[in-house]
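It should be emphasised that the depicted structure is a prediction, and the values quoted were computed from it without experimental measurement. When a ligand or atom number is given, it counts from 1 through the structure's own listing order.
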Amino acid sequence: MNMNDIATNIAKIRSQIDTYASNCGRNPAHIQLLAVSKTKPAEDIRTAYAAGQTAFGENYLQEALSKIGQLQDLPLEWHFIGGIQSNKTRALAENFDWVHTLASEKHARRLNDQRPDSQPALNVCIQINVSGEASKGGIEPEEIMPLAQAITEMPNLNLRGLMAIPAPTDDIDEQHQAFARLAKMQQAMQQAGIDTDTLSMGMSDDMQAAIEQGSTMVRIGTAIFGKRSASVET
Ligand SMILES: *Cc1c(COP(=O)(O)O)cnc(C)c1O
């Protein structure tokens, strides 16, 4: 995508975050922008960095590792937001700062064991299925507490909060309901003694509802880097 377009889009998204947050009485500084760069070339990430963006989300491990390698000269923060497979946990533990899609104790243990001692604890979010059958992964709400408890005992993982990918819908009320469910689950965790600071929710098409329901990290791809070609989506 054109360099100027990426910079313009980032400025626009940042200004929307400011507006949506202020309109509902939230401090915009409490909402981080994660730029989702999956399927986009390393050059686009360089352009976004030049526009002030430092946190990037990737879904596909091999593609991500290639870009992380090409961009080692930049102080970027890498977030894994794709599905986790056991044979990929080592590369995740060694190369990422955050994993948003943790959904099993087995994967948590592997990430904890494989995180190099030289690196700070890996930031993790538990992915929750907030949309029932239409889900794109995540655990059921009743499974949160056992997994959260287990993670808090793992020294190389830092449980930051919850993440969800609700079923896409144009219905604003439905968007709100799904995000409200996630926010409520975080409050329930807090009441049970597990304090976290992150709600990873909101994408290009439902960012406003997510912010109004308490999102602290919106994951924005299309609205920054443009449409992705269908062939590389999984
Ligand atoms: C692709 C993706 C995004 C970004 O989606 P857009 O609609 O392009 O903003 C956010 N989160 C996850 C988990 C994704 O896979």
Original post:
Would you say the side-chain atoms of R219 pair up with the backbone N or O of G57, donor to acceptor, closer than 3.5 Å?
Top reply: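 Side chain of R219 to backbone of G57, a donor-acceptor pair under 3.5 Å: no, none is there.
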
Original post:
Parallel, tilted or perpendicular: which fits the ring planes of F96 and F80, with parallel below 30° and perpendicular above 60°?
Top reply: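 Perpendicular.
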
Rounded to the nearest 0.5 Å, how far does [atom2] of [Y] lie from [atom1] of [X]?
{"X": "K184", "Y": "Q177", "atom1": "NZ", "atom2": "CD", "value": "11.5 Å"}
{"X": "T101", "Y": "H107", "atom1": "OG1", "atom2": "NE2", "value": "9.5 Å"}
{"X": "L74", "Y": "I45", "atom1": "CG", "atom2": "CD1", "value": "9.5 Å"}

If you measure from each non-hydrogen atom of [X] to ligand 1, which part falls under 4.0 Å: side chain, backbone, both or neither?
{"X": "M163", "answer": "side chain"}
{"X": "H100", "answer": "neither"}
{"X": "I81", "answer": "both"}

Original post:
So is D205 close enough to ligand 1, meaning a heavy atom under 4.0 angstrom away?
Top reply: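 So D205 does not count as touching ligand 1.
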
Counting heavy atoms only, which of [options] is nearest [atom]?
{"atom": "atom 13 (C) of ligand 1", "options": "D206, I165, I224", "value": "I165"}
{"atom": "atom 2 (C) of ligand 1", "options": "R219, M203, K38", "value": "K38"}
{"atom": "atom 9 (O) of ligand 1", "options": "A223, S204, G83", "value": "S204"}

Original post:
Going by the salt bridge (charged side-chain N to carboxylate O under 4.0 Å, His left out) test, which pairs reach into residues 47-74, not counting sequence neighbours?
Top reply: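 Passing the test, one end in residues 47-74: R46-D73, E58-K67, E63-K67.
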
Original post:
For G221, is at least one N or O under 3.5 Å away from an N or O on ligand 1?
Top reply: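 Looking only at distances, the answer is yes, because the N/O contact criterion of under 3.5 Å is met.
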
